[in-house]
Amino acid sequence: MILQHGGDYQHYLKKLSVTHIIASNLTNSKLQEFRSYKVVRPEWITESVQAQQMLPWQNYRLVPRATTQRELLFSRDKETSIPEKITGESLNADVLANDWARQVSTANPTFIKRYYETSRLHYLSTWKEELKDIVDKLEQKYKSDANSLSRKNSSAAHNRIVMHVDFDCFFASVGIKDRPHLSSLPVAVSHSKTVSETSSSDIASCNYVARSFGIHNGMTIGMAKGLCPTLQVIPYEFDKYKSISKKFYEILFQYADEMQAVSVDEALLEVRSHITQPKDDACAQKEEQEALATAIRDAIRQETGCEASIGVGPNILLARMSTKRAKPAGQYVCNSKQDIEDLLASQNVTDLPGVGYAIGDKLKELNVTLVSDLRKKPLYELQAKLGAKMGQTLYNFSRGIDDRPLITNQPRQSVSAEVNWGVRFENEENERGFVEGLAKEVAERLQKHNVKGKNITVKILKRKDDATQAAKHLGHGRVDAFTKSCALGNFTDDAALINKHVYSMLRSFQFSSADIRGLGIHVSKLDNQERLSSDQETLNFKSRNEIDAQQRQPSIEKGDLSRQASKEIMEVDPFVYNELPHSVQKELEATYNLKFKKLLATNDEPKKIPEQPAISTLPELPPWSQLDPLSLLALPNEMRDQILKTYGTKEGDTLLKTPQDTPTIQKSRAPASLHTKTPRLSSAKVGGGSNRSRTITQMFQPSASPSSRSNVSSSSVTNNNETPTTRTSRFQYVFQGQEEENGDDGDLPYDAEVWKELPQDMKDELLEEHRRLKRVKIEQKVQKEHSVSRESAQRIDLHPYRTKEPSLQGVTDIKEVRSLLREWVASYKESPEAEDVATITNYLIELVYHADLEKVRLVIAYLMYLVRDFDSSSWKLCTGQIHETVSEMVKSVYGCPLCI
DNA sequence: ATCCTCCCCTAC
DNA sequence: TAAGGTAGGGGAGGAT
């Protein structure tokens, strides 16, 4: 209708060419973004057409969604039928009648500042950030050191030694250190000054004497008093904690190849390079690790006067579990299979890191309480219950497997501030003031960390309708949580701007201010993120140019464009310009050297289609990729022909003014809606069971460079002078063979009927595009499988159904499989590569699903035979692990273990 | 398939 | 009386 009545239609908002925006609904952020545009409902068009004249747009303004939304009306009558309705207003009035409560709640204008000065959790978070910074800086310093390479490399090696160091009841220990007379008494750290039964103050930390009474962290003083009337309460001493923590980190850094700040009293260390004993001498290694732990504990005791416990293990999980075992004031080294068993099997699942109440409950629904129960569950069951990632993680954890590296130098992703205590608003003005203060707080934090963000999220805790006075004094009580976010056009750290958005989002919920029990502001999408892709708005041209100058396509560089744009002359249609909002006009004037066109000389297009009765000029066409063939078919014949011809004669994207002699369609993707809903013509499956075998391509590569996980793929890619996405290996034929077979286009994903209607040249384009897409897909799949196999050794395909026989490296015959294994073991005398172990495990698992247990048995037996008289324990450990995993698998699928 | 929003969960 | 913050991983489900 727009076109037929002389209008023009743009698919994307371009400030220079859009006069009105048609929408029946818009998100909050779009409403904000378009607030200076003429945003009208579609009725403006239809009714104008009907009236045969352009009606005033003002009458068709799109009103904000919030106000068009119908309100859920809870009848007042029903409410009053509840005998004593509890309202936020009455509850707040009750609490705020008390003068003291007024002082410490939002009723006090200086509340936010005072609150953050006393919140232990706030300190915990702040310290963690500071310590991360310190560790990063120290790391930087060491990097310039000559020694740094060896330090770094050793931690990336496969045989990790991870150390977890953790103070025993940190806050309590620090307090007791300066109050020796309390050392043998039950002690707790809390805000509470008196130990009364009614105190709802939390215990932040308590010593082991107190714990012997059943007292634990997080318990209220009131409850603790019930358990132990003689409990000694000491106050927080935040400054002390911080200074002791500093000493702690200074000590640790001397022993760490790499360090992750976990918290003020806790850190993770890679200490491989500090262990000199050979890997295969487990006994000597254990002794050395014990000695190292003792030395570190001694140093900490001497410097800080407090006890720390240390756990050592081959990964983070086992190090942490070891610390648990070590406490208090002890250490534990886990370096044998038996140790792993001792640490895990009998533990409660909630003792695993990352398993709290919620996940513990979900596991309980699966009848899983102990880690040993967890181990009996097949992967798919865990994933179905907990999600793909969590299921996999716990499946691995239960077996002592944990691939996670230490996290260091991670750029911050968000900044936030929230307060969920003491929030009691007497009126809306009160609420507004608080939001303003919180926005200011967030803005200051952004500024402090030198970042800006373009996404703002507000989080609200609203008292449940039936919630009475909170159990904790001025606590939030029983609440529901709500969040809403908005995307900004620009990065910001401006308090007023943040406040404006937050307040408007908050109001959109239409909650009574008296019901609000907590508020938070989160800012994300920060401007400190690494620019990895050319899509990003800022680019580090130097480094990128250096890295991939050769791979660079002669395509457009967005960055280049925008850089030059500031000097460019911009041709503007005066008609369009006059319709633009004033702010946009100004912006254009500021940015460009504007030059007004004479008049509607749309003859930019060299090839104009002459015979057009219906429409004289074509509107700017959407990119080819956006074209919906079904809609195309629905158009009047002439119009469709014209559109198709236009695509055939020029670039789909008219922004690219490069003249094209040959009618090609670049950068096009198959429109999604073309995907058939009827069965495909034929689906020629190629490659068969060899798909997975591609993950093995690294298997026989020399292990010269201590191939850290991250550089494996890159090293295999940059070898030789091949295209980046193909693999350098003697097994390359697997990949290339597939690619060639793709000449078969039988599996085109298009509806046969639609296809038939398309003109031949369009068919040709689509065919070519289809082939290209297919190639890309295969390449991506190869890469993905690599990353997957790197992620976890126990990845199991969730789709057991296999028509093709599983293969290792494209090979299925047991003799050939054996010779592959022989070759593999021979080429890695020292210890196996994790990726290869994963590949073989995967192969075996597929065999299990393929019900070829005999072959499973043969392969494992042969592996064991190959490593039978190896000195290296890692080979034996590894084959043992493969055996165990597969056996577990067999058990979960068939109900009985595998007998070799 | 990938992204985005609105959550939930966890750790200290 | 009391100071239930914060960042990041991740999932569900919808939009693109």
Side-chain angles (χ1 to χ4, degrees), chain A residues 27-29 95 98-101 103-105 108 111-129 131-132 166-167 170-171 190-194 196 198-202 204-205 217-218 220-222 236 261-267 320 350 352-362 383 386-393 404 407 410 412-423 441-442 445 455 457-459 461 470-477 479-487 517-518 520-522 524-525 625-626 669 672-673 777 780 784:
Chain A
T27 61
N28 255 334
S29 64
V95 180
N98 182 307
D99 228 29
W100 173 84
Q103 282 304 303
V104 296
S105 74
N108 183 331
F111 169 72
I112 294 180
K113 182 169 171 285
R114 293 181 48 152
Y115 178 68
Y116 281 134
E117 277 168 6
T118 33
S119 162
R120 72 186 197 277
L121 292 172
H122 170 70
Y123 278 102
L124 246 32
S125 299
T126 330
W127 288 332
K128 175 167 183 172
E129 291 308 307
L131 288 165
K132 281 204 288 197
D166 186 1
F167 276 106
F170 186 53
F171 289 7
S190 161
H191 278 304
S192 177
K193 298 220 164 48
T194 61
S196 90
T198 57
S199 168
S200 66
S201 180
D202 275 355
S205 174
N217 296 352
T220 61
I221 290 288
Y236 290 93
V262 178
S263 81
V264 68
D265 65 338
E266 191 181 333
R320 294 193 96 123
T350 50
L352 293 172
V355 180
Y357 290 111
I359 290 167
D361 283 352
K362 282 186 179 179
Q383 290 186 316
L386 309 167
K389 203 96 173 220
M390 201 61 205
Q392 179 77 61
T393 302
R404 296 170 303 168
I407 295 167
Q410 195 183 33
R412 172 190 275 272
Q413 291 171 38
S414 69
V415 173
S416 67
E418 74 187 74
V419 176
N420 300 308
W421 186 89
V423 178
E441 177 71 32
V442 182
R445 292 184 194 183
N455 195 291
T457 305
V458 58
K459 179 183 161 197
L461 296 190
K472 176 189 282 296
H473 221 86
L474 287 174
H476 56 61
V479 291
D480 290 314
F482 300 82
T483 65
K484 183 174 284 238
S485 63
C486 68
R517 290 289 176 265
I521 301 175
H522 299 244
S524 57
K525 300 241 167 78
S625 61
Q626 302 284 314
R669 280 183 292 118
S673 49
K777 240 184 197 161
Q780 283 172 349
K784 201 167 187 175

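Sequence lines set the chain letters: A, B, ... in the order given, protein chains first and strands last, and positions in each chain run from 1. Here the structure is a predicted model, which means the values were calculated and not measured.
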Please report the C-alpha distance between V262(A) and R320(A) in whole Å, then the side-chain angles of each, then the deciding distance to 0.1 Å, and finally whether the side chain to side chain contact (heavy atoms under 4.5 Å, CB included) criterion is met. CA-CA 11 Å; V262(A) 178; R320(A) 294 193 96 123; 3.9 Å; yes

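- Close to dT5(B), at under 4.0 Å from its OP1 or OP2, lies a side-chain N or O of K525(A).
- Partner of V264(A) under the side-chain contact (heavy atoms from CB on, under 4.5 Å) criterion, chosen from W127(A), F167(A), Y123(A): W127(A).
- For the pair Y357(A) and dC9(B), the ring geometry does not qualify as stacking, because the centroid separation below 5.5 Å and plane angle under 30° are not jointly satisfied.
- Taking atom OH of residue Y236(A) and atom C1' of nucleotide dA3(C), one finds them 8 Å apart after rounding to whole Å.
- At the heavy-atom level, T118(A) lies under 4.0 Å from base atoms of the strands shown.
- Across all strands, N98(A) comes closer than 4.0 Å to base atoms (heavy-atom distances).
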L461(A) and D480(A): side chain to side chain contact (heavy atoms under 4.5 Å, CB included), yes or no, with the steps?
CA-CA 6 Å; L461(A) 296 190; D480(A) 290 314; over 6 Å; no

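- At the heavy-atom level, R404(A) lies nowhere under 4.0 Å from the strands shown.
- Donor-acceptor pairing under 3.5 Å is recorded for the side chains of S196(A) and T198(A).
- Among the atoms of the strands shown, none is found under 4.0 Å from any heavy atom of L461(A).
- For dG4(C), one of the phosphate oxygens OP1 or OP2 lies less than 4.0 angstrom from a side-chain nitrogen or oxygen of S119(A).
- As rounded to whole Å, 12 Å separates atom P of dA11(B) from atom NZ of K128(A).
- Taking the ring centroids of W421(A) and H122(A), they lie at or beyond the 6.0 Å cut-off.
- For the atom pair CG of D202(A) and NZ of K472(A), the computed distance is 3.5 Å after rounding to the nearest 0.5 Å.
- Atom CG in L124(A) sits about 10 Å away from atom P in dG4(C), given to the nearest Å.
- For the pair W127(A) CH2 and dA11(B) C1', the computed distance is 16 Å after rounding to whole Å.
- What separates NE2 of H473(A) from C1' of dT1(C) is a distance of 5 Å, to the nearest Å.
- Protein atom CZ of R114(A) is 14 Å distant from nucleotide atom P of dT1(C), rounded to whole Å.
- The side chain of T194(A) places an N or O atom within less than 4.0 Å of a non-bridging phosphate oxygen (OP1 or OP2) of dT1(C).
- For the pair H476(A) and dG4(C), the ring geometry qualifies as stacking, because the centroid separation is below 5.5 Å while the planes lie within an angle under 30°.
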In 5'-to-3' order, the base (B), backbone-only (S) or no-contact (-) status of each nucleotide in nucleotides 6-12 of chain C, using a 4.0 angstrom heavy-atom cut-off, is BSSSSS-

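- Checked options E129(A), R445(A), H522(A); the residue passing with V415(A) is R445(A) (criterion: side-chain contact (heavy atoms from CB on, under 4.5 Å)).
- Atom-to-atom, CD of E266(A) to P of dA11(B) comes out at 11 Å; the value is rounded to the nearest Å.
- Taking every side-chain heavy atom of K193(A) into account, dT1(C) is the closest of dT1(C), dA3(C), dC12(B).
- Look at S485(A) and you'll find a side-chain N or O under 4.0 angstrom from OP1 or OP2 of dC6(B).
- Distance check, rounded to the nearest 0.5 Å: CE of M390(A) to CD1 of I359(A) gives 3.5 Å.
- Within 4.0 Å (heavy atoms only), G222(A) reaches no atom of the nucleic acid at all.
- dC9(B) sits 16 Å from dG4(C) when the C1' atoms are compared, rounded to a whole Å.
- Rounded to a whole Å, the CG atom of L474(A) is 13 Å from the P atom of dG5(C).
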